[in-house]
Amino acid sequence: MPELPEVETTRRGVAPLVTGHVVTEMIVRNHRLRIPVSKSLPSLIIGQRLQQVQRRAKYLYFCFSNGTLIWHLGMSGSMRVNMASSTPAKHDHIDLVFDNGQCLRYRDPRRFGLVAWTSSPPSAHKLISHLGPEPWDTLFTGAYLHKKARGRKIAVKNFIMDGKIVVGVGNIYASESLHMAGINPRRAASRISLDRYQRLCGTVQTVLDGAIAKGGTTLKDFAGTDGKPGYFSQELLVYGRADEPCQQCGATIKQLVIGQRSSFYCPSCQQ
DNA sequence: CCGGACGCCTGTCGGC
DNA sequence: TGCCGACAGGCGTCCG
């Protein structure tokens, strides 16, 4: 489910309901996520006051005075906040209950998500330390992309989905930002000019900003913490639109597989 | 170092 | 209707 805009939508939904409150209970119904949930996690967190909910890449940080809970939603994870009473559904693996009666509930059918604890700065954690800049970081420029792409034969779509290059660009928004920048997704990363990388930088930001403003993209079942879908789905220009006319030029949008992932582009305006 | 394939899981959808 | 393969928003690892 979640790329950066969906994770940010989740953060914005969760944060105001639980920030500043003390964890009174932590229930782990299924420990078997991508990384097994540590059995000692509840004892570290219960009694601690949640200071902030932050985001880095597609990770959420739940910041306590004694450490940070690093939480990734994987492919199918989502969070809802409700008053602690409703009976958990099938894939509701974790509850965090707070002293204001709110229950943060994590659902993840495919269990590609993970929860990890660190008492060091999270940026030093193994999951985080190798990650590239955020898309809005001043480091993330056309010149930066151009330099990183030197000598690389990888398709540009895979290149911008590589978290070591820039974080947060997943399969949907990679197709979208390349379309908006007029770049063919299969083009070798090293064969794209500085000019076009500058343009791509901007479209990555524009697409992600737009998606965050709409509460993310719902393809099948993503919902914000209020249960409402993300409305950016309606604004997708190429993703999921194979055989439809391109809204820019009228040519037929094509679907192909790049790096084992579905990709969508307009063969006429993306060269 | 690089690029590509694969695996982790479950659910859903389309074709036969 | 039922079965079976393909595919789905991520990402770490392994192999050539």
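Taking atom P on both B/dG7 and C/dG5, the two are 15 Å apart, rounded to the nearest angstrom. Nucleotides C/dA6 and B/dC6 place their P atoms 13 Å apart, quoted to the nearest Å. Taking atom P on both nucleotides, B/dT12 is separated from C/dC11 by 23 Å, rounded to a whole Å. Across B/dG3 and C/dG9, the matching C1' atoms stand 23 Å from one another, rounded to whole Å.
B/dC2 atom C1' lies 11 Å from atom CG of A/D162, rounded to whole Å. When the C1' atom of C/dA8 is taken as reference, atom CZ of A/R110 falls 5 Å away, rounded to whole Å. Computed from coordinates, the A/K126 NZ to C/dT13 C1' distance equals 11 Å when rounded to whole Å. Between A/F232 atom CZ and C/dG9 atom C1' the separation is 14 Å, expressed in whole Å. A straight line from CG of A/D108 to C1' of C/dG10 spans 11 Å, rounded to a whole angstrom. If you measure from atom CG of A/L131 to atom C1' of C/dG12, you get 12 Å, rounded to the nearest angstrom. The distance between atom CD of A/Q260 and atom C1' of B/dC8, rounded to the nearest whole Å, is 15 Å. Remark: C1' of B/dG4 and CE of A/M161 are 14 Å apart, rounded to the nearest angstrom.
The side chain of A/K58 lies closest to C/dG10 when the candidates are B/dT10, C/dA8, C/dG10. Of the candidates B/dG3, B/dG11, C/dG9, the closest approach to any side-chain atom of A/R152 belongs to B/dG3. The side chain of A/Q255 has C/dA8 as its nearest neighbour among B/dT10, C/dA8, C/dC11. Of the listed nucleotides (C/dG12, C/dG9, B/dG4), B/dG4 has the atom at the smallest distance from the side chain of A/I154. For A/R261, the listed nucleotide lying nearest its side chain is C/dG9; candidates were C/dG9, B/dT10, B/dG11. For A/H130, the listed nucleotide lying nearest its side chain is C/dG12; candidates were B/dG4, C/dG10, C/dG12.
At a threshold of 4.0 angstrom between heavy atoms, the contacts of A/K164 with the nucleic acid are absent. Nucleic acid contact for A/F159: none, since no nucleic acid atom lies under 4.0 Å from a heavy atom of the residue. Backbone-only contact: A/Y239 has heavy atoms under 4.0 Å from sugar-phosphate atoms and none from a base.
Distances shown here put a side-chain N or O of A/H91 below 4.0 Å from the OP1 or OP2 atom of B/dG11. Listed pair A/S76 / C/dG9 fails the phosphate criterion, with no side-chain N or O lying under 4.0 Å from OP1 or OP2. Between A/K90 and the phosphate of B/dG11, there is a side-chain N or O to OP1/OP2 separation shorter than 4.0 Å.
Aromatic stacking is marked for A/F112 over B/dC8, as both cut-offs hold: 5.5 Å for the centres and 30° for the planes.
Remark: A/E3 does not engage A/K58 in a salt bridge, criterion side-chain N to carboxylate O under 4.0 Å. In this structure, A/E134 pairs ionically with A/R55, as a charged nitrogen and a carboxylate oxygen lie closer than 4.0 Å. Using a cut-off of 4.0 Å between Lys/Arg side-chain N and Asp/Glu carboxylate O, A/R80 and A/D226 are scored as not salt-bridged.
Across all strands shown, C/dG9 remains unpaired; no Watson-Crick or G-U wobble contact has both distances below 3.5 Å. In this structure, B/dC9 forms no base pair with any nucleotide, since neither Watson-Crick nor G-U wobble geometry is met with both distances under 3.5 Å.
Remark: side-chain polar atoms of A/R187 are paired, donor with acceptor, to backbone N or O of A/R191 under 3.5 angstrom.
For A/Y106 and A/W71, the ring centers sit closer than 6.0 Å to each other.
Taking the six-membered ring for Trp and thresholds of 30 and 60 degrees, A/Y173 and A/F232 have ring planes inclined between 30 and 60 degrees apart.
In this structure, the side chains of A/L236 and A/E176 come closer than 4.5 Å at one or more pairs of heavy atoms.
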